[in-house]
Amino acid sequence: DEDDDDSMKNSTTPPPPEKNNNESSLESKYSAQNRLPALLYTIGYLTFSTITVVSNKHLIKDAGFGNPIFVSSCGTMFAFALSTILVHGKFVSVSEPKMTFKEWFKVCVPVGFFSSITLACANIVYVYLSLSFVQMLKAFVPVVTYITHVFVGTDKYNSDFTVSLLAMVLGGMMCMNVSGKATVIGVCVMFGSHFAEAFRTVGAQWLLVNRKFGVIESMYYFAPATVVFFIPLVVYFEGSSLQAPGIISIANKYWYLFVV
């Protein structure tokens with residue numbers, strides 16, 4: 001009888017719940033060991049992006065240098081030169097298999113096109129809008145990106161995520177001091193930058209399905225493609241203004257802003 005009771009208890013006892021592989025991977029991904037580096041990267045990004053925004057605005061508008069497309073191209077040209085030196089100097093290795101020219105043209109050129117539009121419009125807007133108004137409009141970047149991803153099918157609609165995005169945008173708009181006069185051209189240029197950034201991320205997600213690049217490796221492949229599109233933009237729109245009297249003296253006076 002005791003054996004029968006034991007067998008009945010064993011038969012009625014539910015098996016222990018199986019551990020979900022997704023939960024275990026999520027725990028390992030967001031473990032305490034990875035939180036500090038993630039926090040430091042976030043703080044660094046916020047710090048340097050703020051410094052870059054303020055310095056670009058001061059150089060383009062306050063210092064009177066103008067030429068926002070050329071200013072945008074300086075960072076990309078520096079990334080191109082630095083990554084080329086590091087890769088060809090064997091300081092950084094490129095993952096195998098290396099990208100062929102055909103693959104580079106198919107993948108990096110479209111992404112480089114939208115990157116150049118994003119960066120150029122992001123600086124052009126300082127000519128038409130105040131810094132505070134620009135920062136308010138930047139709160140719409142995740143909304144535009146999410147809508148674009150859902151529309152083209154690279155992401156799925158999620159009501160909870162949508163509510164979070166709207167709350168974030170509303171909070172950003174409430175915190176910003178909207179000073180200065182807004183212009184239709186400035187707002188259009190700003191949203192042009194938003195949509196170009198959205199299509200850039202969509203293109204990168206579509207085209208780089210089987211590729212994973214590090215920071216320097218991404219610069220090595222994508223920076224040349226972006227520079228290719230920056231050159232005609234600078235020559236056509238700002239070629240004459242870069243040769244105007246006084247531009248060289250302004251550049252010499254504010255050289256440290258170009259370094260930033």
Side-chain angles (χ1 to χ4, degrees), residues 37-86 111-142 144-145 168 172 175-180 186-187 189-198 200-201 204 214-216 218-220 222-227 229-231 233-234 237-238 241-242 247 250-260:
L39 178 61
L40 294 177
Y41 282 130
T42 303
I43 294 174
Y45 170 77
L46 293 175
T47 302
F48 287 105
S49 61
T50 303
I51 293 173
T52 302
V53 167
V54 174
S55 61
N56 284 353
K57 183 262 181 184
H58 182 72
L59 178 64
I60 294 170
K61 196 169 185 179
D62 300 336
F65 181 79
N67 303 300
I69 302 177
F70 175 78
V71 174
S72 301
S73 68
C74 290
T76 305
M77 288 188 288
F78 174 77
F80 175 35
L82 178 64
S83 59
T84 302
I85 292 172
L86 292 177
V111 175
F113 169 75
F114 287 111
S115 295
S116 63
I117 299 299
T118 300
L119 295 172
C121 290
N123 273 348
I124 291 174
V125 74
Y126 293 124
V127 178
Y128 300 99
L129 302 176
S130 64
L131 180 59
S132 59
F133 196 79
V134 169
Q135 296 308 305
M136 187 196 74
L137 291 179
K138 283 185 177 181
F140 289 94
V141 172
V144 173
T145 303
M168 182 176 63
C175 293
M176 295 300 172
N177 176 27
V178 184
S179 60
V187 174
V189 170
M190 191 73 247
F191 275 93
S193 175
H194 293 350
F195 280 104
E197 173 65 15
R200 185 193 70 81
T201 58
V215 176
I216 302 300
S218 298
M219 290 165 53
Y220 178 72
F222 288 106
T226 308
V227 170
F229 290 102
F230 262 129
I231 293 175
L233 288 175
V234 171
F237 290 103
E238 300 177 350
S241 59
L242 284 171
I247 290 295
I250 295 176
N252 291 332
K253 182 179 180 180
Y254 297 98
W255 61 268
Y256 54 91
L257 295 179
F258 286 96
V259 174
V260 174

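If you read the sequence from its start, that first residue is 1, and numbering goes on from there. Computed from a prediction, not measured in an experiment: that's the story for all the values here.
By the side-chain hydrogen bond (donor to acceptor under 3.5 Å, both in side chains) test, Thr50 pairs with no residue at all, sequence neighbours left out. Take Glu197 and apply the side-chain hydrogen bond (donor to acceptor under 3.5 Å, both in side chains) test, not counting sequence neighbours, and it matches Arg200. Shown here are the ring pair (Phe, Tyr, Trp, His ring centres under 6.0 Å) partners of Phe230, two or more places apart in sequence or in another chain: there are none. Scored by the ring pair (Phe, Tyr, Trp, His ring centres under 6.0 Å) test, Phe70 finds no partners at all (sequence neighbours excluded).
With His194 contributing its side chain and Pro142 its backbone, the two residues share no donor-acceptor pair below 3.5 Å. Under the 3.5 Å distance criterion, the side-chain polar atoms of Glu238 are left unmatched by any main-chain donor or acceptor of Leu233. Panel note: side chain Thr226, backbone Phe222; a donor-acceptor pair is recorded below 3.5 Å.
Residues Phe229 and Ile117 are not in side-chain contact: their nearest non-hydrogen atoms beyond the backbone lie 4.5 Å or more apart. Side-chain atoms of Tyr254 and Tyr256, non-hydrogen and from C-beta on, do get closer than 4.5 Å to each other. Two residues are said to be in side-chain contact when any heavy atoms from C-beta on lie closer than 4.5 Å; Val111 and Thr201 fail this criterion. Leu242 places a side-chain heavy atom less than 4.5 Å from the side chain of Val234.
The aromatic rings of Phe195 and Phe191 sit tilted, their planes meeting at an angle between 30° and 60°.
Val53 and Tyr126 get closest at one heavy-atom pair: CG1-OH, 3.1 Å. Closest non-hydrogen pair, Ile216 versus Ser83, comes out as O-CB, 3.8 Å. Contact detail for Leu257 and Ser55: the closest heavy-atom pair is CD2-CB, 3.7 Å.
Heavy atoms of other residues, nucleotides or ligands lying less than 6.0 angstrom from OH of Tyr41 number 12 at most.
How far OG of Ser193 is from CD1 of Ile124: 9.5 Å, rounded to the nearest 0.5 Å. Expressed to the nearest 0.5 Å, how far OH of Tyr220 lies from CG of Leu82 amounts to 13.0 Å.
For residues 58-84, every residue pair satisfying the salt bridge (Lys or Arg N to Asp or Glu O under 4.0 Å) rule, not counting sequence neighbours, is listed here: Lys57-Asp62. Listed by first and then second residue, the side-chain hydrogen bond (donor to acceptor under 3.5 Å, both in side chains) pairs involving residues 65-80 are Asn67-Ser241, Ser72-Asn123 (not counting sequence neighbours).
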